[in-house]
Enquirer: 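Once you've had a glance at the structure underneath, I'll fire off some questions.
Below, all heavy atoms of this structure are taken into account, side chains as well, without hydrogens, waters or symmetry copies. Naming convention: chains lettered A, B, ... in sequence-line order (proteins, then strands); numbering from 1 in each chain.
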Amino acid sequence: MLQISLIREQKEQVAQALKKKNFDAAEIIERILEVDQQRRITQKKLDDTLAESKIMAREIGTLMKSGQQEKANKLREETSRGKIVVKELQDKLAQLESEQESLLVLLPNMPHDTVPAGNTPDDNEVVTQEGEITELHQDAVPHWELATKYDIIDFEAGTKITGAGFPVYKGKGAKLQRALISFFLDEATQAGYTEYQPPLMVNEASAYGTGQLPDKDGQMYHVTLDNLYMIPTAEVPVTNLFRDVILQENQLPARSTAYSACFRREAGSYGKDVRGLNRLHQFDKVEIVQLTTPEASYQALEEMREYVTGLLRKLELPFRILNLCGGDISFASAKTYDMEVFSAAQNRWLEVSSISNFETFQSNRMKLRYKTKEGKTILAHTLNGSALALPRILAALLENNQTEQGIKIPKVLVPYTGFDNIS
RNA sequence: GGAGAGAUGGCCGAGUGGUCGAAGGCGCACGCCUGGAAAGUGUGUAUACCUCACAAGGGUAUCGAGGGUUCGAAUCCCUCUCUCUCCGCCA
């Protein structure tokens with residue numbers, strides 16, 4: 001959610017910036033400013049009225065004590081009339097506040113200057129590409145066939161016990177999953193991230209805090225009986241740890257990491273996009289989150305990108321990094337890098353991480369602030385990224401590393417798996 | 001799930017209708033004291049919104065949340081949430 005002060009002071013710049021996201025904000029901004037104006041007038045009126053009746057109430061108290069019953073009663077009548085006005089103003093104020101808020105949440109975050117213009121994924125800027133595009137032997141097959149061949153993932157069993165998009169990992173497949181999780185968490189911890197193990201369900205306030213609600217509630221699994229939401233990413237519980245928190249500047253940057261299962265309903269996809277591990281309703285992911293100052297946040301974004309780059313190198317996967325264009329960047333993000341690995345048998349790039357700087361877009365809604373050295377309380381910047389999402393990493397590992405003798409496990413993982421080959 | 005107790009500022013803790021944003025203590029910050037430190041001592045120490053120059057100053061709200069009674073509520077009433085204790089159930 002953008003700050004109202006920003007819209008008040010720089011409405012032209014805001015509208016201009018949002019154009020990059022193909023968002024025509026002019027009308028909404030005008031409405032927001034109108035409501036804001038009304039809100040402030042009403043607030044002032046209410047405050048003045050309350051101040052008045054407060055003074056009178058005190059007077060009544062004094063009069064009663066000194067036994068001037070009649071005078072007190074007279075004043076009392078007067079204040080009772082004021083109460084109706086107060087009630088009206090309070091209702092009006094509440095209504096204006098909620099109206100302002102509901103308009104404010106319609107505006108997406110402003111993209112950073114370095115976000116390329118463009119509307120479609122084709123306009124994303126390829127920042128770097130690294131690693132050899134794997135040449136596969138003739139009988140190479142996509143990962144879903146390898147999964148069956150080596151009996152390491154059972155898609156059908158998952159369908160039987162739950163439904164499509166809930167695979168069952170088995171034997172070395174299961175072990176490899178566990179190895180990846182441990183590897184990612186160890187790396188993150190070494191890089192200074194504090195490990196958390198968060199709840200997999202969150203309440204409404206948390207889902208709202210990171211922006212899944214109100215717009216995207218259809219994308220989450222909702223346990224209606226208890227009104228809890230299955231998390232679509234660990235970002236939700238981890239970032240919400242800091243909801244309504246005021247940190248000290250010396251606690252920044254705060255780096256957090258968490259492994260979690262992630263749950264996504266993701267209705268409306270089909271074909272090659274959802275084949276095998278490409279898109280699932282439940283998957284595993286290690287997430288990294290940073291909270292930092294406005295001055296440091298873009299440096300933090302680069303640092304996180306470097307960090308994830310390091311992981312992909314260690315896993316010996318060919319990858320590329322995209323600087324997402326204005327049209328492809330998410331609603332809440334000011335700048336996003338997507339990390340994609342090349343999955344050789346499918347001959348396509350798979351997104352395995354998305355690293356974003358949200359600036360104050362999340363923290364404003366969450367009231368996540370810090371106290372500067374000068375003693376001023378201001379909103380922190382929040383960033384997060386996957387490090388990494390497992391299924392597509394697994395898909396690429398299986399496909400790229402397949403040989404006639406079996407699937408080769410990257411060296412860094414061997415200490416975790418206890419085997420260097422799946423055959 | 002049943003019974004009971006409770007929720008006050010960063011923490012502890014007073015406050016049961018009147019000037020209480022809230023005593024006192026601890027913690028923290030700054031100053032004095034000191035050769036330096038401890039002790040001592042002084043001052044300060046919430047958040048949001050409005051006014052305003054995002055200053056100073058001022059106003060309003062906030063004592064778990066929401067509603068109500070009252071001229072006036074941290075204090076009374078109702079609803080909800082959460083915490084603790086005991087019992088039950090249980091990995």
Enquirer: Could you list the residues that satisfy side chain to side chain donor-acceptor pair (under 3.5 Å) with A:Ser356, not counting sequence neighbours?
Expert: A:Thr336
Enquirer: Using a cutoff of under 3.5 Å, can you pull out all pairs of nitrogen or oxygen atoms linking the protein to nucleotides 52-59 of chain B, with atom names and distances?
Expert:
{"unit_1": "B:rG59", "atom_1": "N2", "unit_2": "A:Asp47", "atom_2": "OD2", "d": "2.7"}

Enquirer: Quick one: A:Gln90 CD to B:rC50 P, roughly how many Å, whole number?
Expert: 17 Å
Enquirer: Atom CD1 of A:Ile84 and atom P of B:rC71: how far apart are they, to the nearest Å?
Expert: 12 Å
Enquirer: Nearest-nucleotide wise, let me know which of A:Gly61 and A:Arg39 is further upstream toward the 5' end of RNA chain B.
Expert: A:Gly61
Enquirer: Nearest-Å distance, CG (A:Leu96) to P (B:rC49)?
Expert: 16 Å
Enquirer: Atom pairs, N/O to N/O, protein against nucleotides 66-68 of chain B, distance under 3.5 Å?
Expert:
none

Enquirer: Return the polar atom pairs (N/O with N/O) between nucleotides 46-48 of chain B and the protein under 3.5 Å, or none.
Expert:
{"unit_1": "B:rU47", "atom_1": "OP1", "unit_2": "A:Lys371", "atom_2": "NZ", "d": "3.0"}
{"unit_1": "B:rU47", "atom_1": "OP1", "unit_2": "A:Thr377", "atom_2": "OG1", "d": "3.3"}
{"unit_1": "B:rU47", "atom_1": "O3'", "unit_2": "A:Arg369", "atom_2": "NH1", "d": "2.9"}
{"unit_1": "B:rA48", "atom_1": "OP1", "unit_2": "A:Arg369", "atom_2": "NH1", "d": "2.9"}

Enquirer: Identify whether any heavy atom of A:Ile60 sits under 4.0 Å from a base atom; if not, whether one sits that close to sugar-phosphate; answer base, sugar-phosphate or nothing.
Expert: base
Enquirer: List every contact pair, protein side and nucleotides 72-82 of chain B side both N or O, where the distance is under 3.5 Å.
Expert:
{"unit_1": "B:rG72", "atom_1": "OP2", "unit_2": "A:Lys83", "atom_2": "NZ", "d": "3.4"}

Enquirer: Expressed as a whole number of angstroms, how long is the span from A:Leu75:CG to B:rU70:P?
Expert: 18 Å
Enquirer: Give a yes or no on whether A:Lys367 atom NZ has more than 12 heavy-atom contacts from other residues, nucleotides or ligands under 6.0 Å away.
Expert: yes
Enquirer: Would you say a side-chain N or O of A:Arg8 is under 4.0 Å from OP1 or OP2 of B:rC50?
Expert: yes
Enquirer: Between C1' on B:rC49 and CD on A:Glu97, what's the gap in Å once rounded to a whole number?
Expert: 8 Å
Enquirer: Based on Watson-Crick and G-U pairs with both distances under 3.5 Å, what dot-bracket line describes RNA chain B 5' to 3', crossing pairs as [ ] and inter-strand pairs as |?
Expert: ((((((((.[[[..)..(.....]]]((((((.......))))))((((((.....)))))).[[[[[..)....]]]]])))))))....
